[in-house]
Structures are given as structure tokens and as C-alpha cells.
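The structure appears below as C-alpha cells.
All ligand and atom numbering here is 1-based and tracks the order in the structure.
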Amino acid sequence: MTPNKAKLIDGKDFSNQLIRSLIPDIKTILKIIGRPPTLAVILVGEDGASQVYVRNKVKQTEAAGMVSVEHRLSDQTDEETLLSLVETLNNDDDIDGILVQLPLPKHINEHSVIQAINPDKDVDGFHVINAGKLATGQKGLVPCTPLGCLLLLRDTLGDLSGLHAVIIGRSNIVGKPLGQLLLAENASVTIVHSKTKNIEKLTSQADILIAAVGRSEMVKSSWIKPGACVIDVGINRITAPEKGDGKYRLVGDVDFAEASTTAHFITPVPGGVGPMTIACLLRNTVVAAAMRKGVEISIK
Ligand code: GUN
């Protein structure tokens, strides 16, 4: 018997649709407040992956007709200087969203910096006020990667009510907020992590399996219930000697070749969750601008 091939969830195509759907709201905001939604992005240091992410965020924000203001600081920048930049941006009425690219250099306390951002401008949704709103079902800014996963799941599966979702990874950026979002959709949620006993037994009960751990190709076919929907949040660089010296390729947290013989739906890496994260950042910037300025928009 030839194994079934899972259907690909095309995050690139869906993210393009999502960005296109923001354009009428961007135009409404421009018309009413006299400028487009505006995002400030802060990058501290020279981390290669962060530079690529920031470049993509800035490029796509501008392609959608919004403004982005980039602040690049040296890796020697002290915490006080960074906090004072955040404060300046908090007080600048022409800035709707503030994103501080993580990770920050070791000598800077990430938590202090994130908590210094005005929660109404916190387009990453990392501030404790936004985390608390999400946990208690109030409207706020929702972290971009979990929101992207949710939108893909709704588009692929429709109603998520009563489905069992298993999330591998308990980070503040992905695992925990995604658990809250899925509970709000009436899914049953299990979060497993590095200390969980017999992970495979739990993951193989999942109708929806989400991997967000940052370990290359950890999730094997035997971890997956036949017919499940698999969302791979991981983006890991592994060396690819077949491409030449010093070359690398990107793989997810899921062993794609194995998993696609068992799952019914699966996201590729790259081209799955990654583009959705950026699209949701643009969405959050539009939402933040509209909320701050009291503009009625179509996004609910
Ligand atoms: N670094 C990796 N992912 C993210 C993200 O979603 N937001 C920010 N600010 N930094 C990140």
C-alpha cells in the first residue's frame, strides 16, 4: 500500500491573502488620521537571524502601505539607553506599534524592556497586560506566531471545538499563548515539554499537533495520530554539506518526510508558520493604530 501524502498548508499564500485583506483598513486609517499605521522596530546587536527577520518585517510593512521606523543599536548598548528609546517611542503619538527584536544581548534584561513598552503599542503581545487579557478572554494584542497558527488551523479545519490539541513547548512566546487561544476556541489543550514523561503517548492522541520547541526534526511519524493536522513552528538551521562548504538549510521541529505519510495536513518549513508571523505583526500594527486612534476597522 502506498502511504497517504499529507496535504500542505500553504502559509505563504494565506499570509499574502491576510496582508491584502488589511489594505482597506490601512487606507481608512490613512484617511482619518492623516498617516498610515506606523511600526517602530528596534534591533540591538548583529545577530544574523534577527537581522534577516527585521529586514523582512520592515520590507513587508512598507509593501503593505504602512510606515516602519528602524532603530539599530550596537550590541554594547546599555539597558538604560534602550529603555529611554522605548520611552521616547511610547510618548511619540506618530508611533502605533513598538517591536523589540529578541533575543537581546545577555547584559540586557528582556523582561524589563518588554514591560517598559506601552501595552497599547505592544504589537508582539508580550507585555503582561496583554498576556493577562488573553488568559482572561479580554480584547488585547495577541502574540503573532500563535495567532498565525490559529488562523491557519481555522482556515484548514473550520470549527476547532472539541478537538484535542497537543502543543509541544511551553514558551511565553508560542506554547502558552497558543494554549489560551485554542481553549478560547473550545479545543481541549495539552501542553507537553522537556520534563513530560512519555511525550509520544500524549502527542499520538492529538487531532492537532503543534511543535514549538526549536529541535530539528524531533517529531517522528510514530508521534502522530493518523489523520492529524500538524503545525510546525520550528525554524532550525542545519548544516547542508550537499549544498557546499558552510551551507545550511532550514528544517522544522517535525521530521517532514516521515510526518507527511501519517498526518492529513501539515505545514512546510519554510513557507508555513513563518510568513504568518509577519502577516500577524502587520495585522497587530493596524489593530494598534485603530485602537489608539478610535478608528472603526473590519478586523474584529
Ligand atoms: N524573536 C523571535 N521571534 C520573535 C518575535 O515573535 N518577536 C520578537 N520581537 N522577537 C522575536
Exercise for review: Could you establish whether F126 and ligand 1 come within less than 4.0 Å of each other, counting only heavy atoms on the residue side?
Suggested key: yes
Looking only at side-chain N and O atoms, does [Y] offer a donor or acceptor that is under 3.5 Å from a partner on [X]?
{"X": "Q17", "Y": "D13", "value": "yes"}
{"X": "S298", "Y": "D25", "value": "yes"}
{"X": "E200", "Y": "S222", "value": "yes"}
{"X": "T136", "Y": "Q138", "value": "yes"}
{"X": "T81", "Y": "D78", "value": "yes"}

Check your understanding: At what distance is the nearest protein heavy atom to atom 4 (C) of ligand 1, and which residue and atom is it?
Key -> Q101 NE2, 4.4 Å
Review point. Which residue supplies the protein heavy atom nearest to atom 10 (N) of ligand 1, what is that atom called, and how far is it?
Key: L102 N, 3.0 Å
Review point. Is there at least one pair of N or O atoms, one from L99 and one from ligand 1, spaced under 3.5 Å apart?
Key: no
Point to revise | Atom indices of ligand 1 within 4.0 angstrom of V100 heavy atoms, with elements | key: 8 (C), 9 (N)
Check your understanding: Between D124 and ligand 1, which part of the residue brings a heavy atom under 4.0 Å of the ligand: side chain, backbone, both or neither?
Key -> side chain
